[in-house]
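What follows is a short report on a single structure.
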Amino acid sequence: MSASQNIDLARHPLTHWAGPLGLPEFDKIEDSNFGPVFDAALAAHAAEVEAIAANPEQATVANTLEALELAGQPLDRVSSIFWCRAGAHTNDAIQAMEREISPKMARHFSAISMNDKLFARINDLYLRRDALGLDPETLRVLEKTWKGFVRSGARLDPEGKKRLATINEELASLGARFGQNVLADEKEWVLFLDEGDLAGLPEFVRGAMAQAAETRGQKGKYAVTLSRSIYEPFTTFSERRDLREKAFKAFAGRGETGGETDNAGVVRETLSLRAEKARLLGYGSYAALKLDDTMAKTPKAVMELLEPVWNKAREKAAADEADLQRLAASAGSNDKLAAWDWRFYQEKLRAEKYAFDEAELKPYLQLEKIIDACFDVATRLFGITFKEVSGIPAWHPDARVFEVFNADGSKRGLFLADYFARQSKRSGAWMSALQSGYKLGEGSTPVIYNIMNFAKPKAGEPALLSLDEAKTLFHEFGHALHGMLTDVTWPSVAGTSVSRDFVELPSQLYEHWLTVPAVLEKHALHYKTGKPMPKELLDKMLAAKTFGAGFATVEFTSSALVDMAYHARPDAPAEPAAFEAETLEKLGMPEAIVMRHRTPHFLHVFSGEGYSAGYYSYMWSEVLDADAFAAFEETGDAFNAEMAEKLRKHIYAAGGSADPEELYKAFRGKMPSPEAMMEKRGLV
Ligand SMILES: [Zn+2]
């Protein structure tokens with residue numbers, strides 16, 4: 001009947017990888033294959049899981065936990081190729097397939113976590129866990145697996161399960177509505193200006209505004225819109241205080257317009273359902289539920305991080321405010337500095353103090369040399385080496401293949417990289433795995449890839465990067481190292497399978513080595529003269545980066561604190577808007593700064609559950625990377641061998657095989673403190 005019945009998963013190029021170096025034979029893959037192969041692979045996985053659940057023998061680690069971890073290999077393989085193509089080289093057929101596959105996958109995995117017989121076996125093992133003589137990693141995998149089932153509602157009675165399913169569905173649709181309301185408000189509002197209203201605006205802002213007006217059918221006019229890429233530069237540069245105020249009020253009021261798109265009801269209902277979900281699953285608050293499997297673990301730990309940062313940021317912002325007020329006065333304004341003045345005067349101050357042209361750096365940052373720098377740093381820190389192999393087909397001719405070797409010359413895995421932007425690639429930069437590295441069963445070596453979106457140079461010219469782009473290259477390569485250096489037994493804790501507030505440590509930390517003088521001297525060479533980048537140029541650039549940290553940190557931290565206040569209480573506030581105001585009042589929020597994301601348009605927190613009670617994690621990761629790099633700085637050597645070995649062993653190789661707090665302490669000897677981060681941000 002279905003085409004999937006004719007698929008031989010053991011031979012199909014999507015699930016049986018017979019290409020050079022163990023890669024898939026990309027040139028044999030046809031887009032029309034994905035659908036039937038997915039169906040066959042889902043059915044095969046479901047059958048494997050059913051056999052594990054129905055096993056009449058008592059549960060053992062081998063017949064249950066191990067069998068479950070190793071099940072579904074064809075599904076893993078077709079998925080990894082499919083998602084690679086969906087991001088890096090898509091087309092209409094792949095996009096249509098994406099819409100079909102996502103709900104199928106969600107249903108498939110939800111059925112597994114609701115499988116009572118399967119959970120009974122996991123639960124049996126879990127209850128006997130201390131008597132099984134397990135090594136620490138296996139014990140952790142068992143506990144994590146058990147917790148995963150419990151958090152999905154496996155222990156609830158039938159009525160509780162039904163209620164949880166209803167809550168999850170309602171939360172999903174509330175999240176979608178929240179996002180659509182914000183989008184509608186952003187689309188709805190526009191301010192058309194004429195040539196005469198543009199005082200202060202640089203060419204790039206005028207260009208973007210002209211373009212925005214044209215797409216709205218007002219060619220020849222200039223549109224202020226609420227897209228951050230227009231709103232922020234407009235309020236930064238416009239000399240017209242009245243227009244800045246208008247734009248600011250519209251931007252800060254997204255989702256709070258009182259009409260059909262007002263998010264007050266959505267937020268109230270969301271918070272109430274989240275509190276109920278936490279109670280149902282046995283947690284004291286929604287934040288406790290969300291943080292349970294993170295490094296921070298508790299709302300209290302998050303507050304202990306955010307509070308000292310908040311206090312320092314407010315002090316810094318207060319000092320900056322006085323400077324800006326003076327600048328405003330000397331420019332002839334007697335008004336008290338308002339929220340729509342801050343970016344404007346801050347930019348004036350920046351131009352005065354840190355005049356700097358970023359384009360001066362570019363000739364020193366050649367893509368090929370920065371790739372070499374990434375590899376070179378990995379060799380110096382971890383002993384691994386890279387060798388490019390040409391002539392191997394991947395998902396696109398631009399994708400390059402590198403073999404990765406251990407210090408003793410043995411094979412570690414593969415690294416693939418696809419650097420240039422093209423129409424078939426989504427924007428941004430990311431790391432992912434075609435195959436992860438683990439030892440269980442027959443074992444598997446990591447096949448990791450990086451995708452970038454750098455502008456492709458004309459033939460014969462070198463690709464040059466901005467400093468931010470070079471940092472992105474190091475960032476994603478840091479994630480790739482997390483995947484490539486992995487040294488664990490169990491697939492579910494391999495590589496980047498760690499908590500949300502830990503996963504950016506290996507990537508953000510790696511960025512630090514880009515600006516280590518020894519690295520720049522060797523690799524940041526002018527593409528014409530071959531001379532290294534002058535140190536003064538870099539120092540000027542770095543000093544400019546910390547400018548305005550008080551404002552940025554207050555904007556960010558107030559959002560993180562309000563997110564936590566909403567979710568760390570056992571119930572939900574009756575009036576979220578009033579609660580937001582009270583919380584800010586208690587915190588002593590400066591009058592002339594607003595939250596980066598106010599409640600009615602806080603998409604991270606309310607358009608889905610991904611970053612709810614989790615906005616803090618951006619800053620948490622920053623604390624970790626600054627504190628971790630300080631460990632090297634304290635030795636006076638950015639390549640200190642002893643630190644590097646600890647870093648490899650406890651962070652890059654360990655994946656999620658142990659509690660992240662223990663891993664960090666094993667590397668650093670102590671828990672991280674926010675001092676290094678505050679210094680890096682220029683707050684102290
Ligand atoms: Zn990242």
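Residues: numbered from 1 along the sequence shown. Numbering of ligands and ligand atoms starts at 1, following listing order.
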(request) Could you tell me whether the side chains of Arg668 and His650 share a donor-acceptor contact shorter than 3.5 Å? (result) no
(request) Check Glu504 and report its N/O/S atom nearest to the Zn ion (ligand 1), by atom name. (result) OE1
(request) Name the orientation class of the two ring planes belonging to Phe375 and Phe386 (parallel below 30°, tilted from 30 to 60°, perpendicular beyond 60°). (result) parallel
(request) Could you confirm whether Glu476 has any N/O/S atom lying under 2.8 Å from the Zn ion (ligand 1)? (result) no
(request) Have a look at His475 and say which of its N, O or S atoms is nearest the Zn ion (ligand 1). (result) NE2
(message) Within the 3.5 Å criterion, strictly below it, is a donor on Ser424 or His89 matched to an acceptor on the partner's side chain?
(response) yes
(request) Identify whether NZ of Lys or CZ of Arg in Arg400 sits under 6.0 Å from the centre of the six-membered ring of Tyr419 and within 45° of that ring's axis. (result) no
